[in-house]
Amino acid sequence: QVQLVESGGGLVQAGGSLRLSCAASGRTFSNYAMAWFRQAPGKERDFVAAIRWSNYVTSYADSVKGRFTISRDNAKNTVYLQMNSLKPEDTAVYYCAAGIRASRISREYENWGQGTQVTVFS
């Protein structure tokens with residue numbers, strides 16, 4: 001098991017930026033693929049971005065490509081999500097997840113954080 005704690009959410013005006021962090025503890029962080037998902041009220045949890053553990057290859061949802069950047073620092077056991085050019089439709093609870101392999105499917109991740117709220121106003 002890996003314990004995950006997200007931080008960095010908040011209230012931001014459209015066009016602004018936020019950086020989310022996810023601190024991991026427990027098993028060896030560097031062995032896990034890491035991902036960010038988000039869930040808006042009344043909607044399903046959607047894939048945002050993922051990063052492999054081995055070669056740091058990344059993947060993104062089309063809706064955030066070019067605006068969001070996922071990165072990881074294995075020495076700090078932390079994964080980040082830099083979010084630029086934020087839009088009101090980015091408003092959601094953002095969750096960090098750890099799994100055996102990078103995937104866009106939420107059920108393939110067995111470790112989840114508690115989530116951090118991001119609210120973008122126009």
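Positions are given from 1 along the sequence.
Salt-bridge annotation for D62 and K65: present, with a side-chain N of the basic residue lying under 4.0 Å from a carboxylate O of the acidic one.
Remark: R38 CZ to T91 OG1 distance equals 9.0 Å, nearest 0.5 Å. A distance of 12.5 Å separates CD of E6 from OH of Y94, quoted to the nearest 0.5 Å. Separating the CG atom in L86 from the CZ atom in F68 is a distance of 5.0 Å, to the nearest 0.5 Å. The line from CD of Q1 to CD of E110 is 7.5 Å long, rounded to the nearest 0.5 Å. Distance check: T69 OG1 to Y60 OH gives 4.5 Å after rounding to the nearest 0.5 Å. A distance of 16.0 Å separates CD of Q3 from CH2 of W112, quoted to the nearest 0.5 Å.
The number of heavy atoms from other shown groups lying within 6.0 Å of CD (E44) does not exceed 12.
Applying the disulfide (SG to SG under 2.5 Å) definition to pairs two or more places apart or across chains, none involves residues 39-81.
The nearest pair of heavy atoms linking R67 to S85 is NH1-O, 2.9 Å. When every heavy atom of G113 is checked against every heavy atom of Y95, the shortest pair comes out as O-CD2, 3.7 Å.
W53 and M34 fall into different hydrophobic clusters, where Ile, Leu, Val, Met, Phe, Trp and Tyr side chains are chained together by heavy-atom contacts under 4.5 Å.
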